[in-house]
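First the structure, in the form of structure tokens, and then the observations on it.
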Amino acid sequence: MRVSIRSEQAPQLPTDHVDRPVDEPTNPRLSVSGWARWAWRQLTSMRTALVLLLLLAVAAIPGSLIPQRSSDPNGVIQFDKTNPGWMWAVDLLQLHDVFGSVWFSAIYLLLFASLIGCVIPRIRHHLTALLAPPPATPRNLSRLPAHTRRVLPDTPPGAVLDAAEQALRRQQYRTRRVRGDDGRDSVAAERGYLRETGNLLFHVALLAVLVVVGVGGGFRFTGQRVLVEGQTFASTRIAYDSFTAGRFITDTQIPTFSLTLDRFRVDYVLDNVNALGMPKTFDAQVTTTTGDTRQASSIRVNEPLPVAGTDIYLLGNGYAPTLTVRNPAGKIVFSDTVPFLPQDANLTSLGIVKVPDGLAEQVGLVGMLYPTRATTPTGAFASSYPDLLDPVVTFNVYVGDLGLNTGVPVSVYALDTSTLTQIAGRGTPTPALQLVPGTPVPLPDELGTIELGPIPRFASLEIAADPTQTPTLIAAVAAMAGLALSLFVPRRRLWVRTTTAHHGGTVLEVAGLARGDDPRLQPTVDTLATRLTPTPKPPRGGSDDPVP
């Protein structure tokens, strides 16, 4: 007897059976163009734009805390001297040139591209919405966030819709008549397009600011100049103490004018013990000449003087002692007013004097000016008041090669003493020189004499030309206007539908929908319904009136 064993196959499970194995989803491979589209979508998302905007604001912080070469070259020198251990990090991160650094420019350009990618599709979509009619009336108005229903006796539906259309148009709604599939007539209305217009205006204005700042920076220049009372400055590139120009600025584009510092006046507090000596006002009285026009003006703190398309700002002030050096034969070998840089609120000031010729050796002097001499408990000099009540100047004297013949530019406010020999001052047998006005003092080693003359004031001025100010102001005002529109203009859609009631009259439905939170939506719907509801007429008196 033959027995055949038949192998049974596993039954086929339905596709929706709980025990049927599910294939693991696999992500399709992206091509180079696919990855590019994905990167562009990520870059042009609003979230990325907000993150980049925040990064740009954070990246600008070092530019306001650390001196920048473009605006404060002397501050850069002082910062590097005070923080020598951080020089490697400052140079690596370009912290003295933050706004022109690679990393700041990268954030700037990415934000620019992100905003363009966000704004252009939204403008296209907004234009389409502006040209499109209001949307059709929903089938079930009671499901909308704001809704009211009323019965109007003795009022035909057409008259109600006509009144609704007129009322909505008076409120600046766009309207259209709609007939639904069920044969019921309605009015669809929409307003508030200025909300999205303001939003787009804000972003376009932000783009304009980025373009103006980025491109307009090539047409800006700033220059600094120290002027002593009585000196005249002519605006040419070589006449500035420091000059920073955009890449598109040429010498012919620098405005030509001259400026004379006639007097620098400072008013101090005199009647308050705690604030004694504090300055109240700074006033640089100047005469400007532009072409054939001469004009006397004043420059004060935060009150720049406009001249020939530039703005002249008052940055600082101090004293510039007049110093005269004679050789042993009495011949003048050096005579000049030397600006001394203030070191404290009482205008204790540091100055450098270099005498390269006329003496047996080159002489360098490091001096301190004390406008009102006072003596500390240790016997050192100090200044007790910022005005010139009892001035004295002390000098440490050095001899040797001043390094002026190497062809390398050297700051007039610094003296490299590493290659010089000190012959007077602390640490030498000869005490520091002490000068008072009008009294010559001999230099050590019979080199000659030095005399302190009048001590006029100087003003540190910044001359800046920035053609981006007006466009930036316009863009900023447009951004504020766009932001106000996007915040305070509500975007609403209203629908009014009428139906003939079974017992006569008209059933009125009014509904509204808002984009975002709108606490005034329901009151608006109720007000419109009330306006469309006819006021009942009072009964007229007479013999036909029913007897109560």
Side-chain angles (χ1 to χ4, degrees), residues 46 119-202 482 484-537:
M46 186 57 65
V119 169
I120 291 180
R122 290 181 60 185
I123 291 177
R124 186 167 58 247
H125 177 75
H126 184 54
L127 291 176
T128 302
L130 284 175
L131 299 176
T137 306
R139 182 180 297 274
N140 192 347
L141 293 180
S142 62
R143 293 184 178 180
L144 297 181
H147 174 263
T148 187
R149 184 177 184 274
R150 301 185 183 185
V151 178
L152 311 180
D154 302 328
T155 305
V160 175
L161 293 181
D162 290 340
E165 203 165 4
Q166 293 177 6
L168 290 170
R169 285 178 178 174
R170 282 196 297 267
Q171 299 178 34
Q172 306 302 318
Y173 281 87
R174 291 194 311 162
T175 63
R176 72 160 175 157
R177 288 286 186 101
V178 180
R179 167 157 292 202
D181 297 337
D182 52 3
R184 293 184 294 179
D185 292 333
S186 60
V187 172
E190 188 173 15
R191 64 168 290 183
Y193 290 98
L194 282 178
R195 184 185 186 94
E196 180 64 14
T197 303
N199 200 323
L200 291 173
L201 177 62
F202 172 78
L485 289 174
S486 64
L487 291 177
F488 299 114
V489 174
R491 178 75 179 273
R492 294 171 181 163
R493 290 175 178 174
L494 296 180
W495 292 275
V496 180
R497 183 159 57 198
T498 56
T499 307
T500 302
H502 296 294
H503 51 78
T506 300
V507 177
L508 170 66
E509 284 187 283
V510 181
L513 181 65
R515 175 173 293 182
D517 187 22
D518 187 357
R520 297 291 306 165
L521 182 60
Q522 184 63 52
T524 300
V525 170
D526 294 337
T527 301
L528 179 59
T530 301
R531 185 174 298 177
L532 298 178
T533 302
T535 304
K537 296 180 180 179

Quiz item: Quick one: side chain to side chain contact (heavy atoms under 4.5 Å, CB included) partners of Thr500, sequence neighbours excluded?
Solution: Pro157
Quiz item: With sequence neighbours left out, what residues match Thr527 under side chain to side chain contact (heavy atoms under 4.5 Å, CB included)?
Solution: Arg531
Exercise. Name all residues meeting the side chain to side chain donor-acceptor pair (under 3.5 Å) criterion together with Thr197; count only those two or more places apart in sequence or in a different chain, and write none if there are none.
Key: His126
Quiz item: side chain to side chain donor-acceptor pair (under 3.5 Å) with Arg492: which residues, sequence neighbours excluded?
Solution: Asp518, Thr524
Self-check item: With sequence neighbours excluded, residues passing side chain to side chain contact (heavy atoms under 4.5 Å, CB included) with Asn199
Solution: Arg122, Glu196, His203, Ser486
Self-check item: Set of residues satisfying side chain to side chain contact (heavy atoms under 4.5 Å, CB included) with respect to Leu487, sequence neighbours excluded
Solution: Leu483
Quiz prompt | Donor-acceptor under 3.5 Å (Arg491 side chain, Leu194 main chain) | solution = no
Quiz prompt | Thr175 OG1 to Arg169 CZ distance, which is reported to the nearest 0.5 Å | solution = 3.5 Å
Quiz prompt | Distance, nearest 0.5 Å, that separates CG of Leu168 from CG of Leu532 | solution = 7.5 Å
Quiz item: Checking Thr155 side chain against Pro153 main chain: does a donor-acceptor pair fall under 3.5 Å?
Solution: yes
Exercise. Show your reasoning for whether side chain to side chain donor-acceptor pair (under 3.5 Å) applies to Arg497 and Thr137.
Key: CA-CA 8 Å; Arg497 183 159 57 198; Thr137 306; 5.8 Å; no
Self-check item: Residues that Arg176 engages under salt bridge (Lys or Arg N to Asp or Glu O under 4.0 Å), provided they are two or more places apart
Solution: none
Self-check item: Pairing residues for Arg177 by the salt bridge (Lys or Arg N to Asp or Glu O under 4.0 Å) criterion, not counting sequence neighbours
Solution: Asp162, Glu165
Quiz prompt | Listed partners of Gln522 passing side chain to side chain donor-acceptor pair (under 3.5 Å), at least two apart | solution = Asp526
Quiz prompt | Results of salt bridge (Lys or Arg N to Asp or Glu O under 4.0 Å) for Arg493 - residues two or more places apart only | solution = Glu190
Quiz item: Just wondering, do Pro135 and Trp495 contact through their side chains at under 4.5 Å, heavy atoms?
Solution: yes
Quiz item: Heavy-atom distance under 4.5 Å between the side chains of Leu161 and Val496, does that happen here?
Solution: yes
Practice problem: Only pairs at least two apart or in different chains count here, so list each side-chain hydrogen bond (donor to acceptor under 3.5 Å, both in side chains) that has a residue in residues 506-515. | Solution: His147-Glu509
Quiz prompt | side chain to side chain donor-acceptor pair (under 3.5 Å) partners for Ser142, two or more places apart | solution = Asn140
